[in-house]
Amino acid sequence: MAIQTNGLSLILRLKIGAQAAFSEVTRAIGEAGGDIIAVDIIHVGKDSVIRDVTVNVHNEDHREEVVRALRKRAGIEVINVSDRTFLVHLGGKIEVQGKMPVKNRDDLSRVYTPGVARVCEAIHEDPSKAFQLTIKRNTVAVVTDGTAVLGLGDIGPAAAMPVMEGKAMLFKQFAGVDAFPICLNTKDPDEIVQIVKAIAPGFGGINLEDISSPRCFEIEERLRKELDIPVFHDDQHGTAVVLLAGLLNAIQIVEKKMSDLRVVVTGIGAAGIASTKILQAAGVTNIVGVDRHGIIEAGKSYENPMWDWYAKHSNPESRTGTLADAIEGADVFIGVSGPGVLKVEHLKAMNRDPIVFAMANPVPEIAPEEAEPYVRIIATGRSDYPNQINNVLCFPGIFAGALRARASDINEEMKLAAAKAIADCIPRDQLNEQYIIPSVFNADVVKAVKQAVAEAAYATGVARRESPHAF
Ligand SMILES: NC(=O)C1=CN([C@@H]2O[C@H](COP(=O)(O)OP(=O)(O)OC[C@H]3O[C@@H](n4cnc5c(N)ncnc54)[C@H](O)[C@@H]3O)[C@@H](O)[C@H]2O)C=CC1
Ligand SMILES: CC(=O)C(=O)O
Ligand SMILES: [Mg+2]
């Protein structure tokens with residue numbers, strides 16, 4: 001069985017002398033528990049062969065073990081060890097490319113000065129022309145302050161870049177939307193709002209990403225009010241939309257109704273609060289929130305304004321205590337907290353046919369292998385297990401739909417339409433425990449989400465493009 005790596009896939013460049021057979025290499029790697037994925041010949045010399053051997057390992061200690069095992073063998077020299085994940089990040093993952101070549105002075109005078117000046121003047125006279133004559137029409141800013149990057153926490157704006165570049169790459173690949181990573185060296189909400197407003201003229205939408213709670217709520221709310229382009233905090237709403245899509249399908253398998261579900265959400269931050277709100281909008285009434293200190297108690301006052309809201313809008317049975325107290329009899333566990341929060345004991349206390357969405361990245365609240373014997377349905381945010389509930393399933397299509405309609409906002413109706421569109425990508429007769437959510441690579445998803453979101457934008461009056469038949 002292939003090892004479940006957490007991105008640790010190595011290329012080992014080996015010089016194998018005449019006295020050593022290649023089987024020595026495979027034996028050394030195999031005995032150390034490495035998983036060989038590919039072998040390439042780089043150079044064949046008189047007395048030696050240089051090969052690149054691609055190997056999956058569990059973690060960094062395991063990498064050292066595999067390298068040590070090879071170094072011990074006579075005739076095998078380890079020339080270099082590269083981490084394939086780092087290799088794909090060399091020099092960054094995206095670039096800006098012109099749409100046409102500039103081959104001569106004539107081209108130059110049209111794409112740049114003097115010709116460009118007339119286009120500038122046209123936009124000056126009618127600012128809405130920016131949507132026709134610039135990249136604004138199809139471009140989104142992916143903005144972070146690096147304070148809640150995946151589950152890694154406050155690692156700062158420079159360290160957040162690889163994730164933001166990744167989001168930009170996915171916008172382009174999945175929906176043809178151009179996106180720029182913008183990592184801000186400030187945590188001050190006033191400053192973030194001011195900077196985003198100042199850069200907004202060049203963009204058709206703002207995707208806020210990995211900004212910690214509770215600041216993310218205020219920042220998003222202010223920007224939504226003050227800008228005339230859609231502002232969408234992906235960790236809140238992207239997560240909520242995909243989670244709802246997964247749950248719509250999961251409850252069909254276990255034959256339960258939204259209104260009867262008892263749901264526990266752990267991690268009452270950006271994703272946890274938005275997930276709670278979308279579940280309530282979909283008809284769930286019994287939700288209990290748990291954070292590090294334990295259950296968010298009904299009616300109690302909290303310093304964090306969002307927890308204060310939560311205390312007034314959840315926990316109808318007034319439960320108190322820890323996750324163990326919250327999860328007794330629950331139908332659904334939603335994890336948007338951190339690694340290892342959920343234990344087998346918790347699963348054993350759940351209602352029949354437990355549904356577990358352990359969505360913390362990169363390491364979920366419980367490993368699927370550990371949970372599987374005790375649950376009916378398990379999903380994670382990861383790409384290397386079935387049932388990937390990750391906001392990548394929705395943010396490309398949601399923005400593509402909003403940009404298509406030239407929407408001024410991404411409202412609740414557009415989000416619910418997106419969730420339903422994602423869920424409906426799986427035909428009813430194909431639904432099963434391992435397949436409650438379509439693959440990120442299912443091309444129908446982005447098309448369906450784009451269409452549903454653009455239609456909802458017209459239906460709710462936020463579309464500004466004249467022709468609803470344009471899509
Ligand atoms: N699968 C997906 O598509 C997505 C997954 N996530 C994941 O969800 C997690 C939270 O993300 P955000 O809401 O953006 O972060 P956040 O920083 O806004 O909120 C995290 C909350 O979880 C709580 N928490 C952390 N460790 C905990 C623990 N051991 N027990 C209980 N509560 C705990 C924190 O106190 C905080 O209130 C991250 O791991 C992130 O990677 C977030 C967005 C999308
Ligand atoms: C997927 C994502 O946006 C996160 O884990 O933060
Ligand atoms: Mg995120």
Side-chain angles (χ1 to χ4, degrees), residues 6 142-155 160 162-168 170-171 181 183 187 207-220 232-246 264-278 288-296 302-307 310 321-324 326-327 333-343 346 356-366 378-385 387-396 398 419 422 437 440:
N6 188 11
V142 179
V143 179
T144 191
D145 61 358
T147 51
V149 180
L150 308 177
L152 306 174
D154 183 357
I155 59 172
V163 174
M164 304 311 132
E165 285 183 22
K167 296 266 175 190
L170 300 174
F171 264 114
C183 297
K187 295 180 194 175
N207 182 90
L208 300 174
E209 190 69 45
D210 293 352
I211 297 176
S212 67
S213 58
R215 292 169 321 119
C216 60
F217 301 107
E218 179 200 336
I219 292 168
E220 188 200 37
F232 178 87
H233 182 204
D234 183 35
D235 297 288
Q236 288 185 59
H237 314 297
T239 316
V241 163
V242 183
L243 144 76
L244 177 59
V264 173
V265 179
T266 59
I268 309 305
I273 286 176
S275 300
T276 299
K277 286 185 175 170
I278 209 166
V288 181
V290 184
D291 208 274
R292 290 180 202 274
H293 71 284
I295 292 176
I296 308 259
Y302 290 91
E303 213 176 295
N304 176 337
M306 295 316 292
W307 286 8
Y310 212 94
T322 63
L323 175 57
I327 207 154
F333 169 87
I334 308 285
V336 272
S337 51
V341 168
L342 191 64
K343 309 290 179 214
H346 297 136
V356 170
F357 292 175
M359 301 192 293
N361 285 321
V363 183
E365 282 76 4
I366 190 164
I378 169 94
T380 68
R382 291 171 58 123
S383 315
D384 50 358
Y385 289 102
N387 289 338
Q388 182 182 20
I389 299 197
N390 193 297
N391 48 29
V392 63
L393 264 166
C394 86
F395 67 76
I398 286 201
I422 296 170
I437 196 88
V440 166

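Every number for a ligand or one of its atoms is a count from 1 in the order of the listing. Residue numbers run from 1 in the order of the sequence given. Remember, predicted model here, so these are calculated numbers, not experimental data.
Taking a 4.0 Å cut-off on heavy atoms, Met359 fails to register as neighbouring ligand 2.
At the shortest separation from atom 5 (O) of ligand 2 among protein heavy atoms lies Asn361 ND2, 2.9 Å.
In terms of heavy-atom proximity, Ala358 sits nearest to Pro364 at O-CB, 3.3 Å. Nearest heavy-atom pair, Pro396 versus Asn391, reported as atom, atom and distance to 0.1 Å: CD-O, 4.5 Å.
Distance check for Asp234 against the Mg ion (ligand 3): none of its N/O/S atoms falls below 2.8 Å.
Under the 3.5 Å distance criterion, the side-chain polar atoms of Asn304 are matched with a main-chain donor or acceptor of Met306.
Neither the backbone nor the side chain of Thr239 has any atom closer than 4.0 Å to an atom of ligand 2 (non-hydrogen atoms only). If you look at Val149 next to ligand 2, there are no close heavy atoms at all, none under 4.0 Å. Here Asn391 has side-chain heavy atoms under 4.0 Å from ligand 2, and that is the only part of it that gets that close. At a heavy-atom distance under 4.0 Å, only side-chain atoms of Asp210, from C-beta outward, approach ligand 2.
In this structure, CZ in Arg382 is found 10.0 Å from CD in Gln388, a value given to the nearest 0.5 Å. Here Phe395 contributes atom CZ and Phe232 contributes atom CZ; the two are 9.5 Å apart, rounded to the nearest 0.5 Å.
Summary: OD1 is the N/O/S atom of Asp210 found nearest to the Mg ion (ligand 3). Its N, O or S atom nearest to the Mg ion (ligand 3) is what matters here, and for Glu209 that atom is OE2.
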Let's go through Thr266 and Val336 carefully: what are the C-alpha distance in whole Å and the side-chain angles of both, what is the deciding distance for side-chain contact (heavy atoms from CB on, under 4.5 Å) to 0.1 Å, and is it a yes or a no?
CA-CA 6 Å; Thr266 59; Val336 272; 5.9 Å; no
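When heavy-atom distances to ligand 1 are checked against 4.0 Å, the residues falling inside are Ala148, Leu150, Gly151, Ser213, Asp235, Thr239, Gly267, Ile268, Gly269, Ala270, Ala271, Asp291, Arg292, Val336, Ser337, Val341, Met359, Ala360, Asn361, Gly381, Ile389, Asn390, Asn391, ordered by chain and number.
Asp210 meets the salt bridge (Lys or Arg N to Asp or Glu O under 4.0 Å) test with no other residue; sequence neighbours excluded.
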